[in-house]
Amino acid sequence: MNWILENLGLIGSLSLEHLRQSVIAIVLGFAASIPLGWVAWKYKLVRGPVVSLTGLLYTIPSLALLMILPVLTGMSAISEANLILALAIYAVAIMVRSVVDGLNSVDPATRSAATAMGYGTARRFFAVDLPLAGPVVLAGLRVTAVSTISLATVGILVGVTNLGYLFTNGLQRRIIEEVLAGIIAVAAIALLVDLLLLLAGRWLMPWTTASTLKRRTPAPKSTERAAS
Amino acid sequence: MIEFENVSKHYPDGTVAVKDFSLQIPAHRTTVFVGSSGCGKTTLLRMVNRMVDPSHGVLRIDGEDITNKPAVELRRSIGYVMQNSGLMPHFTVAENIATVPRLQGMSKAASRKRALELMETVGLIPGQADRYPHQLSGGQQQRVGVARALASDPNILLMDEPFGAVDPIVRAELQEELLRLQRELDKAIVFVTHDIDEAFLLGDQVVILAAGAQKLQVGSPSEIIEHPANDFVASFIGAQRGSRALSLKQTEHGTVLIDAQGRTQGKLVEDGTVQ
Amino acid sequence: MIEFENVSKHYPDGTVAVKDFSLQIPAHRTTVFVGSSGCGKTTLLRMVNRMVDPSHGVLRIDGEDITNKPAVELRRSIGYVMQNSGLMPHFTVAENIATVPRLQGMSKAASRKRALELMETVGLIPGQADRYPHQLSGGQQQRVGVARALASDPNILLMDEPFGAVDPIVRAELQEELLRLQRELDKAIVFVTHDIDEAFLLGDQVVILAAGAQKLQVGSPSEIIEHPANDFVASFIGAQRGSRALSLKQTEHGTVLIDAQGRTQGKLVEDGTVQ
Amino acid sequence: DPLATESDAAQDGGTTVVVGSQAYYSNEIVAEIYAQALEGAGMEVERQFSIGQRDAYMPQLEDGSIDVFPEYTGNLLQFYKEDTEARSSEEVYDELKKSLPESLAVLEAAEASDQDSYTVTKKFADANKLTSIEDLAGITEPLTVGGPPELAERPYGPKGLESTYGVKAEFSATGDTTVEDLVAGTVNIANVFTADPRIQTEDLVVLEDPKSLFLASNVVPLVAADQSEELAEVLNPVSEKLTAQVLVNLNVHSTVDKKSAADIASAWLASEGL
Amino acid sequence: MNLISDALSWIFAAEQWQGDGGLAALLGQHLLFTVLAVLIAGVIAIPAGWAIGHTGKGREIAVGIAGIARAVPSFGLLILLVLLLGVLHKPEAALLTFVVLAIPSLLAGAYTGFEAIDRKTIDAARAVGMTEWQILFKVEIPLGLALLVGGIRSAVLQVVATVTVAAYVNLGGLGLPIITGLNLRRFDMVLGGALMVAALALVLDLAFATAQKAAVPRGLGARTKKKFHYTDDQITLEREMS
Ligand SMILES: Nc1ncnc2c1ncn2[C@@H]1O[C@H](COP(=O)(O)OP(=O)(O)OP(=O)(O)O)[C@@H](O)[C@H]1O
Ligand SMILES: Nc1ncnc2c1ncn2[C@@H]1O[C@H](COP(=O)(O)OP(=O)(O)OP(=O)(O)O)[C@@H](O)[C@H]1O
Ligand SMILES: [Mg+2]
Ligand SMILES: [Mg+2]
């Protein structure tokens, strides 16, 4: 534990780096997934291919992607931009599907009611479809955020410094606390971001959490069990 | 006045939902479409606000072909209430009611004021304005649905089984409320149900439909009960009450009316005033 | 005979669903619990097959406290039909019907034979035996539910709004069917509904309940209509038909009965036989 | 490339010296020593540490976004001249100077070296009377060489071992745990860097390399040619003090005492009066 | 495009497939690790998930554990375990890492499968007199199977993609050419290895998609297709966990 206490500064600055890289990637991936997911949802024909192709991106080993991307984009392999782009691609791989699922989860009756009241198509998308897809999209975003933050550590293998540094450096120097500190820091950041997203969701989508004042008949489940 | 002229609707999968349907729906009156499931009631209704476009034929409102008006505008000018209310789950009650005024560009404050007025009209208390739909009972949700449909003060109100999902006691309450509202508002209401009792209670004009939106009988409730057009109508209007053929029976508590199975259906009072 | 003796049920969240309820339910008769939503009907019914255990009080079947028998066995010996049928979606019609015989160890072949017999009893054709529930209409699914409940030839049949989800015409059909079945089978049927018309049609004994399963009135349909215990019952049994206070009106088509609002409710025939 | 933030940071630095390092703790210590020494001489220093493999950082040195980098003469020479014949420290250093691109220069090399070696445990060496790689040829038991995965393809890897010394050995890609694997016995020959402190702490024997399979590889500052004069003033004295034993000691401070590179560097610089 | 053709010719070179370090052996190792890890994780997570789904208890704990498991970087965990267990136990360390990776999806697949079952169906099963075990085996497991297979599917995909790091600790697998190529600047090797992993993932994904369709009980044909379409993947599973 000594090592951790003596290197709090290092852990802190790496954490900030890590957070910055991950957040940019998450935001980029999210921004790209909304239109992609919308297209996939709207046009049934392209849905299958788009969803499976983006899903397949997820299976490309991260190390390989980090080395191959620079060849395709011309950017330097060790640049932060390269890592962020790779992470954003993985984020898209997860998010597109949840955007499609989210739009699918909107009750067609609600959508039809909106049309019946005189919403135009574009207006309806932003005022009705997107917010109502929100909870599912948010759930996807939370998964994306956590996995992006944890995945970002591989950046160190191509020379982008973040909390992954503690893993390779700890291994070379055989300092177990250093590796452990890295894992804890990554997990803590991931869970923190997850929590922030959850809170942001509550704030942005108050209807999902407003309590049901009328007593909802609970599922009979629990009492049966008591009875059997 | 709404006018259907030889209207048909074929869905892309080949279903003929409406076949050569013509009807005049008077203003300031309630017209009820009644018929069993799948006979085309919803399709007829949704043609009025162009949620469904007819395959053939013409629909006119006050003499003008409705295809001449942009669909979006037309819809904003017609109230529409559906089963399960169709409320936006992410809007509060007030926001839901104010939807159309907002779409028409009314300011936030003015539209909220309007929403609160309407809540009173339909019997909701102002304290519920900032709730979300799922925090209301089914009956209250339907009231919000009605308020929303009334928000732009439309001449026409379309109601598709608006009370189908609430329990009988609340339903009776909502029906009474609608009768009261209609006395005040005087809209052209087109109402869809498959409950013949509801049709007779609410309708000035009742249209009994069979598959393909075939008109079996059109008339006032009394005309239909007293003179069913054919056996099918007779059995249809009787089906839901065992039978409407009643006879008198003397009991120690007074004269009651019994149906063909000998079950008591009501109590005879001397005149038409409430007992 | 089923006997409720001072039975209460408090749910863990504090809801008192049933408060000190006592009732005798005769064998070979249909007893209907009717009341508005949440008044405790389902809770009462589910106590009979120990899906819910009472917090206080005793329930006896033919004199024996039901807690003396293992719940699983008790349930197999009591038929239970619920709204939306509660069929196993992954079992065929025949498999669904044969569930209890199979649980009781009957061979596959014998239980299938039994299932086919029962299908006939409830008016299903044998060709539907190998369908899955979702391939049937709502009404047919309810028939399967009834057949399944009858499979072990139980003395008691519990039915919880079994016809609540089907449309009125099919509902009328199923109600007739149940009346016919009951004439044949002679079970103790406990039936839950919130439709007073259905209660009066099916019940030999009707129990009108208010919140907390408070008994407002117990009696035959005629007794209740002719002599409602209090104003609440009077309005409850009237609520669903505008009013049951009818008066006579002469028209050119003959004498009709009109309600307090002047709406035609039926036609007078000279005697109790069907017109 | 506008997206490459590292380059951005460096381009504005006429006055700032950018010091880089590999993602290798020992290299990082040396880089830190350079950085602190330069700071001591009043220069602005920016650190771009832990950049990974040579392939990754060389382009940045070549384009001037990094100005100083601790390098190893032999490995660097091979990067530019794969088939080099040079083997001794001097040969390598001389040839390296000729092979570098114009924009780059090396300052004085230190005595300290951190080069590839074949290493065995003391026990294994004693049992088989090993002092040199040549001696391996006489061993009958199956041999396995552990090392980073790419050793399989390197000229001094198993193929070189066989062609130069006639030693046949299997290869096992033990990567970052090569020394542990050697100690644990999963491999009996390990490709270890000579400055690895565990050669001492774990009682290992570096086999001699009479036929020069490996190049000598001394620690050397690789710098931007246009700044080499100012930098030499500061870094040559440092290299002079950086002996083989010093480098091992520094590494021990890192792995055994778990000190940070910065602390190790400042302590050493202070003790040497630099 | 040049790169891809280089990679393909690297893959299809006959000598690539032979010997201890050949692609055939690496593919075998990769599969073996995947299968073992998912099996072990399944033995732990599936019964646990079923227990949670059946009893409705312990959900929060499961969500918490799964959340943490997902937040732990596999690469770091592998290193930590190698350091803790020692080099002689690298295979165990790697396996444990992959098991941790697979658990969240499997757990979620198992209990969301149960939770997605209409409560009325289970209520009815109990009411006709099924015992708790009968409910489990005759109703819940068959009806929850499709979502469970979905969970297995996403666990397998995640593990397949991650087993590439096994090469980092000398355990072979298709990550070996990637890591070797990385240090040698041999892009044909890097891309070739990546393509092999992606192809393996694709094949497994297709196999599981088929299995998942087959796992939908026949009775849940048309009516529930849609529902399963939209719950058949990891994201949805994860969503239901959060
Ligand atoms: N979008 C559609 N595509 C194809 N067929 C449709 C569509 N909408 C309705 N139908 C079919 O058209 C017929 C009439 O449908 P409609 O919804 O108008 O009936 P309805 O009288 O409102 O029935 P319900 O009482 O069940 O609401 C039905 O057979 C229905 O299946
Ligand atoms: N498991 C439970 N836990 C807590 N409260 C419950 C539970 N089940 C039912 N209740 C409550 O007990 C009361 C009676 O419920 P019950 O389901 O018996 O009513 P019901 O008459 O069948 O209503 P409905 O007509 O809506 O089916 C209601 O207030 C209900 O909310
Ligand atoms: Mg309809
Ligand atoms: Mg109930």
Side-chain angles (χ1 to χ4, degrees), chain A residues 52 55-56 58-65 67-68 71-72 94-95 97-98 100-101 104-105 135-136 138-140 142-143 146-147 149-154 156-158 163-164 166-168 170-171 174-176 179-180 182-183 186-191 194 198 219-222 224-225 228, chain E residues 3 55-56 67-68 70-80 82-84 119-120 122-123 126-127 131-132 157-158 160-165 168 174-175 178-179 181-182 185 187 190-191 193-195 197-198 200-202 204-205 209 226 229-231 233-236 238-242:
Chain A
S52 351
L56 202 63
Y58 199 69
T59 65
I60 300 178
S62 45
L63 267 185
L65 187 61
M67 287 315 288
I68 294 162
V71 180
L72 302 178
I94 311 181
M95 284 298 300
R97 184 148 210 170
S98 50
V100 174
D101 283 348
N104 267 337
S105 76
V136 175
L138 175 68
R142 290 174 57 194
V143 172
V146 170
S147 72
I149 289 168
S150 129
L151 197 60
T153 53
V154 300
I156 194 63
L157 294 178
V158 292
L163 284 168
L166 299 179
F167 300 160
T168 48
L171 178 60
R174 269 70 203 173
I175 303 179
I176 291 180
V179 179
L180 188 63
I183 293 179
V186 171
I189 291 177
L191 295 176
D194 189 43
L198 178 76
K221 209 171 162 178
S222 51
E224 260 83 82
R225 206 144 277 122
S228 47
Chain E
L3 262 181
T55 60
I68 292 171
R70 227 179 321 116
V72 168
S74 302
F75 175 52
L77 183 61
L78 177 65
I79 289 176
L80 181 69
V82 167
L83 287 180
L84 284 177
R119 284 299 110 195
K120 289 198 196 85
I122 291 166
D123 190 54
R126 200 167 275 126
T131 63
E132 295 305 307
L157 290 188
Q158 280 173 294
V160 162
T162 311
V163 168
T164 44
V165 306
Y168 194 70
L174 294 169
I178 298 176
I179 290 183
L182 224 56
R185 266 205 302 187
F187 283 106
V190 175
L191 189 56
L195 286 178
V197 176
L200 178 61
L202 185 63
L204 289 172
D205 191 39
K226 213 169 125 207
H229 163 76
Y230 116 67
T231 45
D233 68 293
Q234 166 206 356
I235 312 321
T236 314
E238 315 263 12
R239 167 174 81 237
E240 311 210 340
M241 295 174 47
S242 0

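Here is how names work: the chains are called A, B, and so on, in the same order as the sequence lines, proteins then strands, and each is numbered from 1. Hydrogens, waters and symmetry mates play no part in the numbers below; they use all other heavy atoms, side chains included.
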Note to self: For the CG atom of D205(E) and the OG atom of S52(A), what is their distance to the nearest 0.5 Å?
What the structure shows: 8.0 Å

Check: Is it the side chain or the backbone of L80(E) that comes within 4.5 Å of chain A heavy atoms, both, or neither?
Finding: both

Next item on the list: Please flag which part of I149(A) lies under 4.5 Å from any non-hydrogen atom of chain E: side chain, backbone, both or neither.
Entry: neither

Next item on the list: Could you tell me whether the side chain of I122(E) reaches within less than 4.5 Å of the side chain of R119(E), counting heavy atoms only?
Entry: yes

Next item on the list: With a 4.5 Å cut-off on heavy-atom pairs, point out which of G193(E), G181(E), G175(E), A194(E) contacts chain A the most.
Entry: A194(E)

Notebook entry, point to check: Looking at I179(E), V163(E), V190(E), which makes the most heavy-atom pairs under 4.5 Å with chain A?
Noted result: V190(E)

Checklist line | Contact class of V160(E) relative to chain A, heavy atoms under 4.5 angstrom | finding: neither

Item checked: side chain to side chain contact (heavy atoms under 4.5 Å, CB included) partners for L151(A), two or more places apart -> S62(A), L87(A), Y90(A)

Item checked: All side chain to side chain contact (heavy atoms under 4.5 Å, CB included) counterparts of T168(A), not counting sequence neighbours -> I156(A), L157(A), F75(E), Y168(E)

Checklist line | Region of L200(E) that comes under 4.5 Å of a non-hydrogen atom in chain A | finding: neither

Note to self: So V186(A) and T153(A), do their side chains get closer than 4.5 Å, heavy atoms only?
What the structure shows: yes

